[in-house]
Q: 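Pasting in a structure now, in structure tokens, and then I'll have a few things to ask.
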Amino acid sequence: MDAIYRPEIIEPEGQQHWEEKQAFRASEDSTKLKYYCLSMFPYPSGKLHMGHVRNYTIGDVLARYHRMKGYNVLQPMGWDAFGLPAENAAIANDVAPAGWTYANIDYMKKQLKSLGLAIDWSRELATCKPDYYRWEQWLFTRLFEKGVIYKKMATVNWDPVDHTVLANEQVIDGRGWRSGALVEKRDIPMYFFRITDYAEELLSELDNLTGWPERVKTMQKNWIGKSFGVEIHFPLQPQGKGDVLKVFTTRADTLFGVTYVAVAAEHPLAQQAAGHNPALAEFIAECKQGSVAEADMATMEKKGMDTGLKVYHPFTNEPIPVYVANYVLMGYGEGAVMAVPAHDERDFAFAGKYALPIKAVVKPAEGDLELPLQAAYTEHGVLFDSGDFSGRTSEDAIEKIALVLKNLGMGGRRTTYRLRDWGISRQRYWGCPIPIIHCPACGDVPVPEDQLPVVLPEDVKIDVGSPIKKMPAFYECTCPKCGGRAERETDTMDTFVESSWYYARYACPDLDTGMLDGRANYWLPVDQYIGGIEHAILHLLYARFFHKLMRDVGLVSTNEPFANLLTQGMVIAETYYREQPGGKKQWLNPADVEVVDGTPVLTADGKPVIAGGTEKMSKSKNNGVDPQAIIDKYGADTARLFMMFAAPPEQSLEWSDAGVEGAHRFLKRLWKTVYDQVQGGEVSAYAGGELPEALAGFRRQLHQTIAKVTDDIERRKQFNTAIAAIMELMNAMAKLEGDREAQSRGPACGDATAERDAGAPPAVAGIPSAGLSPSGGPSTDAPGRQDSLTRSIKQEAMEAIVLMLAPIVPHICRVLIKALKPGACLVGSPWPAVDEAALVQNEIELMLQVNGKLRGKIKVAADAAKDAVEASALASPEAQKHMEGRPAKKIVVVPGRLVNIVV
RNA sequence: GCGAAAGUGGCGGAAUUGGUAGACGCACUGGAUUUAGGUUCCAGCGCCCCACGGCGUGGGGGUUCGAGUCCCCCCUUUCGCACCA
């Protein structure tokens, strides 16, 4: 063992060793419990960022921990390789998206390997390869035939200058990011997955996902948005004659307060009215401007216009004006809403703006409304001015109104979901081709299985628009049904489709006769899934949906893909900038900035810069810290340790160079501690028996720490507190009697050494340690015996510490465990066990409170009865002092914790 | 706008079930060793006060013997909003 910790040497050695031994190769084994540990696969953007390092370190800690606990562990890795950035890079650098992507994968794979992750690389997959996406296409054709996939019109962002569809991300302040043109909404045909058919199951199964964070389940629940409401038909002519306008509302109790109805700009009624109303037509055209993003729609100014049309109240037959409003969404519900300004905030604002009447019909159960209303009263209450329904409660009225409407054939109870069907068509190149052939005679025909995959050409030039749309060699084909001339679909699939089933494909990535085989049922569900909180809704909902689709075609036997979910927080860092002439900010990378006397300055010129606050690491703020630089400087173990120590995994993690230094310092100290122990020569294992008080206390702490670290990793997944507990243990070990002198001063350094055992001299450089076993030595006096005991206990502690740290910092621990236990191998070493006997304590300390304020501590027997604890508390001088002679009114005893005397 | 979280020393964070607020680390201060600097080691370190003691977990109220933790109102920040991944 080298005296100096050299990560740059031991880390590549360890990685090479594991690779040669294929130490993390997984295979199905029915004799062991399986543990499938999966981190969300990366998009190959170019190089790893800190978020990746954090994600994969968390996964690796859990994978390695479970391996030590005896599980059959699978930890795979792959590439979410299709997507928009490759096309952007292609335009910027004049390269093909495929080549760019594959080069990025090569580089990032090297980086991942330098982190020392316990990954089974033999299962690596990339979603842009035909042997992956052919099965996605195969499933698509099956689902198309089943009717799970269908085609309909949908609204997209259209750039009228570039003549291209824009992603929401490419719309900035309502304009195309390249052209700067005002974006328009445009309807085009798209393929949809009927995810709404699974809405009920996706919702109800959330209750069974006990290993998911509550907040993620709540977000999904709200996203699915099941609501019980009432469908109401407003006739277009008096007395209920003619067609009806259907609306859905959760507040049918406010029906008598309706003063207008509002329809979406795309609603047929609006289109009809616009036919002979140029101003309305112009307003509808105006509504077409802007992006389709819901956040934009929701924050824009609410505008409307009277169509001049009327509908009639289903109960009172009163005429009600029909407005077109830009805030009503065609794709949600019926594309029309009934408006009750008195009882809805948005309607209230709209009514105020267009001087529409406000009619209150619900008041609090006790008291009255102050009229005229200053704001909408949105609570449930009691109805008034509502015909036969006056006097009923809101809940009661909703039921009754629904029933009456149903009997009249004018609507009734209805359950709706906020969730919409999943549109997967993308007018982009770098994605999985949709396997459909458009035949003028046969319509949309799925590509037959023997013609799959529909291979995406990789050797292309990219400019504006998808190259395959201009490539007859790609889209010209014959109809599989009639043999006539036909055209292939040139849209590709949403990349969320690939990421919705990759977790299953890892079980059988080599299978070329089907999508999945029985191995998927061995490994699934994923036991632990780890990824960013930003995926809480979309990706995780789509993957759950896809799992059910695969189940329903017999590919998997489980209902849910991910048994346990850990959503990791972001990695954030300080931002720095300088004001440019003209007010523009020039963002400076934290690596180029140093803090001198509390002022951040640019290292290059020593002049001050402005701190802009801590934010998510991003290109736009130039505050990304390159993980490679950290690995190169300190090693992967330091990077891993810092990331696990600086914050619990679910919280955001603030990057700190000083914190990294601290982590590195700890590893150096760990190395030296083990080195000193090993230099002390052979040591006998502690075989039980009485220990002096200090050693017994230390050994108790050791086993308490093992229990805590086990719980922190396995149940709580709080690696920061696990590491802190190990640090405390190390600190306690350093303070053990006689230890300090041995480490730093040597034998010639004063009185303390007189107590040391002559049989175990401190190490002297150059003298081999072999054969210096204190247990075999001649010393029989008490100090000598204690010293050898101390070394035995320390050996026990160090072995446990190294094994507990192994999942977090595997490279250093691999070397240290071999040094401590010659012949030991890290991979295969079991997790340390708790010795229950070491935990026993005779006397415990209780907090003493008087009137809830901490006044002191008392010591009592561990098994002391309540009476004895009370007596002991009352007798203590602290209690006497603060009671000031007053009698105790009440004494609260919390066993093992505290006593509170109330006076 | 809607949905979901978070807010604790100079900083990152700990306090797991309503029971010692500030573990562990960073920064800082003093000391030792070495000294060119650094490294390493020891000690101190929430605020106010000479002290006794008091105050203190974003702000305001409440429940309780006891609140960082539970309830109500408010403020701020972060994430998501269906074509970024």
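Lettering of chains follows the sequences in order, A, B, ..., and the numbering in each one begins at 1. This is a predicted model, so every value here is computed, not measured.
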Q: Is any side-chain nitrogen or oxygen of A:Asn731 closer than 4.0 Å to OP1 or OP2 of B:G25?
A: yes
Q: Could you tell me how the ring of A:Tyr43 sits relative to the ring of A:Trp100: parallel (under 30°), tilted (30 to 60°) or perpendicular (over 60°)?
A: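 A:Tyr43 vs A:Trp100 ring planes: tilted.
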Q: Is there a donor-acceptor contact under 3.5 Å linking the side chains of A:Arg178 and A:Asn88?
A: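 Their side chains do contain a donor-acceptor pair, which is all the 3.5 Å distance test asks for.
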Q: Taking the same atom, C1', in B:C71 and in B:A51, what whole-Å distance lies between them?
A: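 These two C1' atoms come out 40 Å apart once rounded.
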Q: With syn defined as a glycosidic angle within 90° of 0 and anti as everything else, classify B:G9.
A: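 Chi for B:G9 falls in the syn range.
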Q: Donor-acceptor check, side chain of A:Asn326 to backbone of A:Lys303, threshold 3.5 angstrom: yes or no?
A: yes
Q: Students often get this wrong, so: under 4.0 angstrom with heavy atoms, is A:Gln849 touching a base, only sugar-phosphate, or nothing?
A: base
Q: What interatomic distance, in whole Å, is found between P of B:G60 and the corresponding atom of B:G9?
A: 15 Å
Q: Rounded to whole Å, how long is the line connecting atom CE of A:Met643 with atom P of B:G12?
A: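 Rounding to the nearest Å, CE of A:Met643 and P of B:G12 are 16 Å apart.
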Q: Carefully, step by step, assess A:Glu498 and A:Phe82 under the rule side-chain contact (heavy atoms from CB on, under 4.5 Å).
A: CA-CA 8 Å; A:Glu498 285 89 63; A:Phe82 276 138; 3.6 Å; yes
Q: What do the steps show when you test A:His163 against A:Trp158 for side-chain contact (heavy atoms from CB on, under 4.5 Å), and what is the final call?
A: CA-CA 7 Å; A:His163 298 283; A:Trp158 178 257; 4.0 Å; yes
Q: Given B:G53, B:C24, B:A82, which nucleotide is nearest the side-chain atoms of A:Lys881?
A: B:G53
Q: So what does A:Met190 hit on the nucleic acid, given a heavy-atom distance under 4.0 Å: a base, only sugar-phosphate, or nothing?
A: base
Q: How many Å lie between CD on A:Glu615 and P on B:U78, as a whole number?
A: 7 Å
Q: Provide the distance between the two P atoms, one in B:U64 and one in B:G44, to the nearest whole Å.
A: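 Going atom to atom, P in each nucleotide, I get 41 Å.
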Q: Would you say A:Arg665 reaches B:A27's phosphate, i.e. side-chain N/O to OP1/OP2 under 4.0 Å?
A: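 Checking B:A27 against A:Arg665, a side-chain N or O does come within under 4.0 Å of OP1 or OP2.
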Q: Closest approach to the side chain of A:Met847, judged atom by atom: which nucleotide of B:U20, B:C26, B:A82 is it?
A: B:U20
Q: Side chain of A:Asn720 only, heavy atoms from C-beta on: which candidate in B:A14, B:G3, B:C84 is closest?
A: B:A14
Q: Does a side-chain N or O of A:Asn168 approach OP1 or OP2 of B:A82 to a distance below 4.0 Å, or not?
A: yes
Q: To the nearest angstrom, how far is A:Asp296 atom CG from B:C84 atom P?
A: 12 Å
Q: Considering every strand and a 4.0 Å limit on heavy-atom distances, what is the contact class for A:Gly423: base, sugar-phosphate, or nothing?
A: sugar-phosphate
Q: Would you kindly give the CD-to-C1' distance between A:Glu534 and B:G3, to the nearest whole Å?
A: 17 Å
Q: According to the interplanar angle, ranging from 0 to 90°, do the rings of A:Tyr529 and A:Tyr502 count as parallel (below 30°), tilted (30 to 60°) or perpendicular (above 60°)?
A: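 Aromatic pair A:Tyr529/A:Tyr502 classed tilted.
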Q: Quick one: label A:Ala536 by what it contacts on the DNA or RNA (base, sugar-phosphate, nothing), any heavy atom closer than 4.0 Å.
A: nothing
Q: Which whole number of Å gives the distance between the P atom of B:C70 and that of B:A14?
A: 16 Å
Q: Heavy atoms only, 4.0 Å cut-off, all strands: where does A:Val216 land among base, sugar-phosphate and nothing?
A: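 Nothing, no heavy atom under 4.0 Å.
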Q: Closest to the A:Glu654 side chain: B:A82, B:C11, B:A85?
A: B:C11
Q: For the pair made of CG in A:Leu898 and P in B:U17, what is the distance, rounded to whole Å?
A: 17 Å
Q: For nucleotides B:C28 and B:G38, find the distance between their P atoms and express it as a whole number of Å.
A: 11 Å
Q: Using a strict cut-off of less than 4.0 Å between a Lys/Arg side-chain nitrogen and an Asp/Glu carboxylate oxygen, indicate whether A:Lys866 and A:Glu870 qualify as a salt bridge.
A: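 A salt bridge is present here (some side-chain N lies under 4.0 Å from a carboxylate O).
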Q: Touch check for A:Pro42, heavy atoms < 4.0 angstrom, all strands: base, sugar-phosphate only, or nothing?
A: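 Nothing: the residue A:Pro42, judged by heavy atoms under 4.0 Å, touches no strand.
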Q: Select one nucleotide: of B:G19, B:A4, B:C24, the one nearest the side-chain heavy atoms of A:Met727.
A: B:C24
Q: Look at all strands and tell whether A:Ser656 reaches a base, only sugar-phosphate, or nothing, counting heavy atoms closer than 4.0 Å.
A: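 No contact.
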Q: Is there a donor and acceptor pair, one atom on the side chain of A:Lys853 and one on the base of B:U20, closer than 3.5 Å?
A: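 Answer is no: no donor-acceptor pair is held.
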Q: What does A:Arg897 touch in the nucleic acid at a heavy-atom separation under 4.0 angstrom: a base, only the sugar-phosphate, or nothing?
A: sugar-phosphate
Q: Looking at A:Arg418 and A:Glu294, does any basic side-chain N land under 4.0 Å from a carboxylate oxygen?
A: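 Salt bridge flag = yes for A:Glu294 with A:Arg418.
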Q: B:C84 C1' sits how many Å from A:Glu169 CD, rounded?
A: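 That distance rounds to 4 Å.
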Q: Any idea which of B:A14, B:C65, B:C24 is nearest the A:Lys890 side chain?
A: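 Nucleotide nearest to A:Lys890's side chain: B:C65.
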Q: Is the A:Tyr56 ring parallel, tilted or perpendicular to the A:His52 ring (thresholds 30°, 60°)?
A: parallel
Q: Any Lys/Arg nitrogen of A:Glu214 or A:Lys217 sitting under 4.0 Å from an Asp/Glu carboxylate oxygen of the other?
A: yes
Q: Base, sugar-phosphate, or nothing: which does A:Arg418 touch, judged by heavy atoms less than 4.0 Å apart?
A: base
Q: With under 30° as parallel and over 60° as perpendicular, where do the rings of A:Phe350 and A:Tyr327 fit, or are they tilted in between?
A: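 Plane angle over 60°, so perpendicular.
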Q: Select base, sugar-phosphate, or nothing to describe what A:Asn900 touches, counting heavy atoms under 4.0 Å on all strands.
A: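 Touches a base.
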Q: Side chain of A:Arg715, base of B:U16: donor and acceptor closer than 3.5 Å?
A: yes
Q: With a non-hydrogen cut-off below 4.0 angstrom, is A:Ala293 in contact with a base, only sugar-phosphate, or nothing?
A: sugar-phosphate
Q: If I pick the C1' atom on B:A21 and the same atom on B:C55, what distance separates them, to the nearest angstrom?
A: 13 Å
Q: Base, sugar-phosphate, or nothing for A:Ile723, non-hydrogen atoms under 4.0 angstrom?
A: nothing
Q: With sugar-phosphate meaning primed atoms plus P, OP1 and OP2, does A:Tyr327 contact a base, only sugar-phosphate, or nothing at under 4.0 Å between heavy atoms?
A: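 The residue A:Tyr327 makes no contact with any strand.
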Q: A:Trp655 and A:Asn623: side-chain donor and acceptor closer than 3.5 Å?
A: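 Absent: no donor and acceptor within the cut-off.
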Q: On the nucleotide B:A14, are OP1 or OP2 found under 4.0 Å from the side-chain N or O atoms that A:Gln651 carries?
A: yes
Q: Any idea which of B:G54, B:A85, B:U20 is nearest the A:Lys857 side chain?
A: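 My answer, after comparing the listed nucleotides, is B:U20.
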Q: Quote, to the nearest angstrom, the C1' distance that separates B:U57 from B:U8.
A: 4 Å
Q: Checking contacts here: which listed nucleotide (B:A82, B:A14, B:C79) is nearest the side-chain heavy atoms of A:Met570?
A: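 Output: B:C79.
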Q: For RNA chain B, produce a single dot-bracket line, 5' to 3'. Pairs: Watson-Crick or G-U wobble, both distances under 3.5 Å. Symbols: ( ) within strand, [ ] crossing, | other strand, . unpaired.
A: (((((((..(((......[....))).(((((.......))))).(((....)))..(((((..]....))))))))))))....
Q: Side chain of A:Arg215: nearest nucleotide among B:A82, B:A21, B:A4?
A: B:A4
Q: Does A:Thr495 have a side-chain nitrogen or oxygen under 4.0 Å from the phosphate oxygens OP1 or OP2 of B:A85?
A: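 A:Thr495 to B:A85 OP1/OP2: side-chain N or O found under 4.0 Å.
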Q: Counting any heavy atom closer than 4.0 Å, what does A:His535 reach on the DNA or RNA strands: base, sugar-phosphate only, or nothing?
A: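 Here A:His535 touches the bases of the nucleic acid.
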Q: Roughly how many Å is it from CD1 in A:Ile224 to P in B:C2, rounded to a whole number?
A: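 Rounding to the nearest Å, CD1 of A:Ile224 and P of B:C2 are 21 Å apart.
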Q: The side chain of A:Phe645 is closest to which nucleotide in this list: B:C24, B:A4, B:C81?
A: B:C24
Q: Please measure how far the C1' atom in B:A67 lies from the corresponding atom in B:U17, and state the result in whole Å.
A: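 Rounded to whole Å, the distance is 14 Å.
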